[in-house]
There are 2 protein chains.
Amino acid sequence: MGINDRKEREKEELRSLILAAARSLFLEKGVEKTSIRNIADKIEYSPGIIYHYFKDKNEIFHSLHQEGFLQLLGKMKVLGTVENPLERLKAMGKIYMSFAKENPDMYDLMFIKEAPIDHIAHHKEEDWKEGNNTFSFLRSTVQECIDIGNFKGHDVEALTYMIWSTVHGMVSLRIRGRCEAIYFENQDTIMEEAYLSFTKILDSF
Amino acid sequence: MGINDRKEREKEELRSLILAAARSLFLEKGVEKTSIRNIADKIEYSPGIIYHYFKDKNEIFHSLHQEGFLQLLGKMKVLGTVENPLERLKAMGKIYMSFAKENPDMYDLMFIKEAPIDHIAHHKEEDWKEGNNTFSFLRSTVQECIDIGNFKGHDVEALTYMIWSTVHGMVSLRIRGRCEAIYFENQDTIMEEAYLSFTKILDSF
DNA sequence: TTGGAATGTTAAACACTGTTTAATTACATT
DNA sequence: AATGTAATTAAACAGTGTTTAACATTCCAA
């Protein structure tokens, strides 16, 4: 079935062509300002064709948000060298925040926008495996901390959600312009200082 | 100038009529799904008229987001009875979170959506006084905690931003569907448990 | 080689969106 | 009653996501 194989390849090619166009437009203009017609223009096809490769616009951005998780996972790789779980936990937060700083639009898509999560919600069978994997990764590190005597009297899951929330809160307030809209004494270092406050707390209990 | 007075009143009336329509539509459908034409239909005027009372759609939702801050401020009133600043701080977080739970769309508008903050950014003269007031209120409570010996070695501003981030993170992950998309052992109590973990930490340092 | 089925692709339309324009209506003042 | 001003509208512009029916291409069996 060599012909079917080639057809399969060609179909895959156009699919990834759409994704590539969507990715580059998304990175320069954001989700809302990237239209189906923009993407179609870029790949020099008619807008209708996109709907033969993706159910709707949400599915395209769900695909892109998956790429974001691969990127984030890639950045997390270096954590393998950090033996002490508490040190690893703190390093993880730093990586998470620097990822958000370097790829604000991607972070927005992954953790703030409704697009990718809506797509999941409308397809009952699939679930948010990207998010669950990332959360599990964090939780297991928190568990290791508990195992060596840290965070006494705390529930792993609750504590993990709290830690995630803290870093997500800091970066999402910034990404959505609330941090910039507050008059801080040192606007450009407030995030780092706040994270320092956080790690200081993690160390002391 | 009785006639001008009446005209002024009438103008104000239509303005608040627009806001009332926008408010009710926004509360039942959200920002994105509330269109200028929807609002115009509701007040039985033509869509164009709205632009004589508001610069654009963002300005309408900026007005509504101000109402949200008044609501939140109202809920915070009871804190006057809490003498101990640390207890007050913890109670504040509870109120903040219950406000978000009871008015998720309003919270979204106040702290997540770009609409109100975009409006501010596009009008260089004005700033986010609602947010700054709320932040100052929180900061002064944190300062009081420090004054009576809590949070040793921490910077007020950084710590305040961290605390805000933690509660904002918890509620915004839920509002934007990320909390629900994670498999927690007890999905419906994770927020409360996470906040409990947080207050336990606040108590212990 | 040809006819028909399947597939890939498009043009056009639908029902919307926010916003601006020019024209119209309503009304107070002269 | 005529005029000038302000309120209001209809219509248009330029876009949006999505669906439809038509068209083009490709493949395979007869």
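Computed from coordinates, the A:Phe54 CZ to D:dT18 P distance equals 13 Å when rounded to whole Å. The separation between A:Ile18 atom CD1 and C:dG8 atom P is 12 Å, rounded to whole Å. Residue A:Leu14 contributes atom CG, which lies 16 Å from atom P of C:dT7 at whole-angstrom precision. When rounded to the nearest whole Å, the span between CD1 of A:Ile49 and C1' of C:dT10 equals 8 Å. To the nearest angstrom, P of C:dT10 lies 10 Å from CD1 of A:Ile50. Rounded to a whole Å, the CD atom of B:Glu13 is 11 Å from the P atom of D:dT8. In this structure, CD1 of A:Ile60 is placed 13 Å from P of D:dT16, rounded to the nearest angstrom. Regarding B:Ile39, its CD1 atom lies at a distance of 17 Å from the C1' atom of D:dT8, rounded to whole Å.
Taking 4.0 Å as the cut-off between side-chain N and carboxylate O, A:Glu192 and A:Lys101 count as a salt-bridged pair.
At a cut-off of 3.5 Å, with distance as the only test, no side-chain donor of B:His62 or B:Trp128 sits close to an acceptor on the other residue. Inspection of the A:Asn38 and A:Ser35 side chains reveals an N or O donor paired with an N or O acceptor under 3.5 Å. Side-chain contact of B:Thr166 with A:Ser165: a donor-acceptor pair under 3.5 Å is absent, judged by distance alone.
The ring-ring contact (aromatic ring centres under 6.0 Å, His included) pairs that include a residue from residues 174-194 of chain B are A:Phe135-B:Phe184, A:Tyr161-B:Phe184, where partners are two or more places apart or lie in different chains.
Aromatic pair B:Phe61/B:His65: ring centres not closer than 6.0 Å.
An end-to-end axis angle of 30° holds for the helix from C:dT1-D:dA30 to C:dT30-D:dA1, taken from five base pairs per end and rounded to 10°.
In terms of phosphate contacts, A:Tyr53 brings no side-chain nitrogen or oxygen within less than 4.0 Å of OP1 or OP2 of C:dT7.
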Contact letters for nucleotides 15-21 of chain C, in which S counts primed atoms plus P, OP1 and OP2 and B counts the base, heavy atoms under 4.0 Å: --BBBB-
Derivation and outcome, side chain to side chain contact (heavy atoms under 4.5 Å, CB included), residues B:Ile175 and B:Asp105: CA-CA 8 Å; B:Ile175 288 175; B:Asp105 287 310; over 6 Å; no
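Tested against A:Tyr96, the residues A:Phe137, A:Phe111, A:Phe198 include a single ring-ring contact (aromatic ring centres under 6.0 Å, His included) partner, A:Phe111.
Interatomic distance, OG1 of A:Thr34 versus CG of A:Leu27, reported as 8.5 Å (0.5 Å rounding).
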